[in-house]
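The block underneath contains the structure these notes are about, expressed in structure tokens.
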Protein chains: 2
Amino acid sequence: MYRLCEYIHFRYVNKIRDNSYIKAFGYHLRELRTKKELSQEELAYSADIPISQIGRIERGEVNTTISTINALAKALNDHPKVLLDFKV
Amino acid sequence: MYRLCEYIHFRYVNKIRDNSYIKAFGYHLRELRTKKELSQEELAYSADIPISQIGRIERGEVNTTISTINALAKALNDHPKVLLDFKV
DNA sequence: ACGATACAACGCATATATGCGTTATTCTGA
DNA sequence: TCAGAATAACGCATATATGCGTTGTATCGT
């Protein structure tokens, strides 16, 4: 039975998203940014990311992707792994 | 002029996604997994992620989120930063 | 008081990550 | 050679990350 998905109705649930982890990441990013005395706007400009997205990340509203982490790391002159170096 | 977005037509472009970086990440994840002699299916089960998603990540087809990295790290008994510890 | 600066919060668009199933292909050991 | 295991690849659904603009709020120096 190919293409069974077309005929079966099921409820989609994203199980992976982890709010406590993305909040911890946002807090950590804010610490890295403020320690380097950068404003959100300056970081946004360096990383070529909209400032609104920087805000959402720091407030822990979004489940950031590794490409974004890479862009932020370059803007902060850090290795990407530094951005994940925090405790939950 | 509030809600200007409603009236202005503009083309949306995702500038952040970085295919070479997500490919390098996938290759690195595959190395971590095979070094521990785990099949994709075993890793998928431990991390509670669909096996098809593990495959897509390792083939560098998707821009993985930090929640997924966290889940994979737990399943691999590594700190999340280990998953970003690679060269592009 | 007031203008400037920083950040929060919203509104809405598109692209895509994930979930979950199936089918196709490749690898591997007896 | 060939059956089973592992992986690739596909199909399609929903949730959401991002892009880009605006408005709201707080702080601060003057």
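Each chain gets a letter, A, B and so on, in the order the sequences are listed, and its residues count up from 1. Values reported hereafter were calculated over all heavy atoms of this structure, with side chains retained and with hydrogens, waters and symmetry mates removed.
Counting only heavy atoms from C-beta outward, the side chains of R33(A) and E42(A) never approach each other to under 4.5 Å.
Enclosure of atom NZ in K36(A) by more than 12 non-hydrogen atoms of other residues, nucleotides or ligands within 6.0 angstrom is indicated. Counting non-hydrogen atoms of other residues, nucleotides and ligands closer than 6.0 Å to CD of E41(A) gives a total of 12 or fewer.
DNA chain D is contacted by both E61(A) and E58(B); E58(B) maps to the nucleotide lying nearer its 5′ end (nearest heavy atom per residue). Between N63(B) and S52(B), it is N63(B) whose nearest contact on DNA chain C lies nearer the 5' terminus. Judged by closest nucleotide on DNA chain C, Q40(A) is the one of I49(B) and Q40(A) placed further toward the 5' end. Comparing E42(B) and V13(A) along DNA chain D, the residue whose closest nucleotide (by nearest heavy atom) sits nearer the 5' end is E42(B).
Distances were taken from every side-chain heavy atom of T65(A) (C-beta onward) to each of dA8(D), dA6(C), dA17(D); the shortest belongs to dA17(D). Looking at the side chain of T68(B), the nearest of the listed nucleotides dT18(C), dA9(C), dA8(D) is dT18(C).
One can place OH of Y45(A) at 17 Å from P of dT5(C), the figure rounded to the nearest angstrom. In this structure, N14(B) places its CG atom 11 Å from C1' of dA17(C), rounding to the nearest Å. Across the protein-nucleic acid pair, I22(A) atom CD1 and dT18(C) atom P stand 13 Å apart, rounded to whole Å. Atom CG of D18(A) and atom C1' of dA15(D) are 16 Å apart (whole Å). Between the CD1 atom of I16(A) and the P atom of dT16(D) there is a distance of 13 Å, given to the nearest Å. As a whole-Å value, the separation of L43(B) CG from dA5(D) P is 19 Å. In this structure, CG of N19(A) is placed 15 Å from P of dA15(D), rounded to the nearest angstrom. Atom CD1 of I54(A) is separated from atom C1' of dC20(D) by 14 Å (rounded to the nearest Å).
Between R33(A) and dA6(C) there is no side-chain polar atom (N or O) within less than 4.0 angstrom of OP1 or OP2. Residue R56(A) has no polar side-chain atom (N or O) positioned under 4.0 Å from OP1 or OP2 of dC20(D). A sub-4.0 Å separation between OP1 or OP2 of dC20(C) and a side-chain N or O of K15(A) is present. Phosphate proximity of dT18(C) to Q53(B): present, with a side-chain N or O under 4.0 Å from OP1 or OP2. In this structure, R59(A) does not reach the dC10(C) phosphate: none of its side-chain N or O atoms is under 4.0 Å from OP1 or OP2.
Just one of D85(B), L83(B), V82(B) meets the side chain to side chain contact (heavy atoms under 4.5 Å, CB included) condition when paired with K81(A); it is D85(B).
Under a 3.5 Å cut-off, the side chain of N63(A) and the backbone N or O of T65(B) do not form any donor-acceptor pair.
Contacts of R17(A) with the nucleic acid, taken as non-hydrogen atoms under 4.0 Å apart, involve only primed sugar atoms and P, OP1 or OP2.
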